[in-house]
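See structure below.
Just so it is clear, the values below take in all heavy atoms, side chains as well, and ignore hydrogens, waters and symmetry mates. Counting starts at 1 for both ligands and their atoms, in listed order.
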Amino acid sequence: MTSKQTVNKCLFPVAGYGTRFLPATKSMPKEMLPIVNKPLMQYAVEEAMEAGINKMGFITGRGKRAIADYFDNNYELEHEIAGSSKAEHLNDINRVMDDGQFIFMRQREMLGLGHAILTGEAIIGREPFAVILADDLCVAPLQQTEVPRAMAQLIELYNKYQCCIVAIEEIPKADTGSYGIISGKEIEPGIYDVTDMIEKPKPEDAPTNMAIIGRYVLTPEIFDYLRETKPGTNGEVQITDALKQVAKEERVIAVKFAGQRFDCGSIPGFVEATNYFYEHEFKANQ
Ligand code: UTP
């Protein structure tokens with residue numbers, strides 16, 4: 001894995017059903033749920049842009065058209081509010097639309113996150129790329145404005161090590177069944193050479209409490225590994241299983257990123273994020 005290319009593209013696998021948010025997600029993508037007044041999807045795209053990426057690839061599924069519409073003009077609405085103070089509310093999303101390119105592909109069957117990423121091969125080609133799961137919402141550390149959000153931190157490490165990079169977080173041992181768990185050798189403070197990975201282990205089977213969260217930088221060889229990966233936990237093709245093989249044969253680095261993550265795929269995490277953003281962003285800017 002010696003490619004020396006820069007990371008220009010980000011994949012957003014957004015095909016999942018979001019069953020934990022039913023009934024809200026019956027006819028609306030989970031990624032369009034807002035934290036205060038901004039959809040999770042926009043936070044994710046902004047984080048990629050902060051990391052210097054402008055090509056955004058979405059792996060969508062049926063019922064996810066609202067995501068594509070969100071990154072397009074809405075002439076009727078824009079005409080209606082033009083010239084009023086309300087038009088300012090569209091400034092941020094208009095900037096994102098102006099600065100980014102947005103590519104959409106369908107994952108026809110929900111065969112797992114690994115399969116969703118493999119579906120994105122047609123968008124990515126043979127270059128390194130970022131992956132962001134929008135329901136993991138990452139914020140920079142409070143009061144450290146010089147520190148960027150997680151993806152920019154991962155890309156900095158990719159530029160140094162030129163291998164697959166995953167973001168990790170220490171979680172309560174009781175929660176290991178919801179995550180991919182790594183073991184590894186610490187090579188710099190908070191940075192690990194991954195030696196093993198296991199998807200959703202029972203707490204008693206988990207080697208550590210270091211959990212992979214929804215931020216990855218992957219080299220294009222991952223597609224070859226994913227093609228060889230058999231369905232694992234829950235009958236899905238797991239990215240963790242493919243990365244485990246990369247760790248064995250090449251190299252995967254895990255980083256405890258600076259900042260905070262909210263698990264907005266779960267109701268408690270979503271409420272926590274809402275309170276955080278209301279307090280630190282929305283109220284602060286009023
Ligand atoms: P989750 O495990 O969170 O599943 O998927 P989900 O369907 O989104 O949510 P719940 O558990 O039913 O509430 C992790 C990520 O992988 C994507 C999802 O969209 C989510 O971003 N994914 C998962 C796909 O794109 N395709 C799949 O086949 C599976």
| Taking only residues two or more places apart in sequence or in another chain, which ones pass ring pair (Phe, Tyr, Trp, His ring centres under 6.0 Å) with Tyr276? | Phe262, His280
| request: Flag this pair as yes if the NZ/CZ of Lys38 is under 6.0 angstrom from the six-membered ring centre of Tyr43 and inside a 45 degree cone about the axis; otherwise no. | output: yes
| message | For a quick check under 3.5 Å, do His115 and Gln107 share a side-chain donor-acceptor pair by atom type? | response | yes
| task | Kindly say whether Arg149 contributes a backbone atom to a donor-acceptor pair with the side chain of Glu50 at under 3.5 angstrom? | result | yes
Atom pairs, nitrogen or oxygen, ligand 1 to protein, under 3.5 angstrom:
residue  : atom   : partner : partner atom : Å
ligand 1 : 3 (O)  : Arg20   : NH2          : 3.2
ligand 1 : 3 (O)  : Lys30   : NZ           : 3.4
ligand 1 : 7 (O)  : Tyr17   : N            : 2.9
ligand 1 : 7 (O)  : Gly18   : N            : 3.1
ligand 1 : 8 (O)  : Lys30   : NZ           : 2.6
ligand 1 : 9 (O)  : Lys30   : NZ           : 3.1
ligand 1 : 11 (O) : Arg20   : NE           : 3.2
ligand 1 : 11 (O) : Arg20   : NH2          : 3.2
ligand 1 : 12 (O) : Thr19   : N            : 2.8
ligand 1 : 12 (O) : Thr19   : OG1          : 2.5
ligand 1 : 13 (O) : Thr19   : N            : 3.0
ligand 1 : 13 (O) : Arg20   : N            : 2.8
ligand 1 : 13 (O) : Arg20   : NE           : 3.0
ligand 1 : 19 (O) : Pro13   : O            : 3.4
ligand 1 : 19 (O) : Ala15   : N            : 3.4
ligand 1 : 19 (O) : Gly16   : N            : 2.9
ligand 1 : 21 (O) : Pro13   : O            : 2.9
ligand 1 : 25 (O) : Ala15   : N            : 3.0
ligand 1 : 26 (N) : Gln107  : OE1          : 2.7
ligand 1 : 28 (O) : Gln107  : OE1          : 3.4
ligand 1 : 28 (O) : Gln107  : NE2          : 3.2
ligand 1 : 28 (O) : Leu111  : N            : 3.3
ligand 1 : 28 (O) : Gly112  : N            : 2.8
ligand 1 : 28 (O) : Gly112  : O            : 3.4

| field | Results of ring pair (Phe, Tyr, Trp, His ring centres under 6.0 Å) for Tyr278 - residues two or more places apart only | value | Phe282
| said: Taking salt bridge (charged side-chain N to carboxylate O under 4.0 Å, His left out) as the definition, give me every residue that meets it alongside Glu186, ordered by chain and number, with sequence neighbours left out. | reply: none
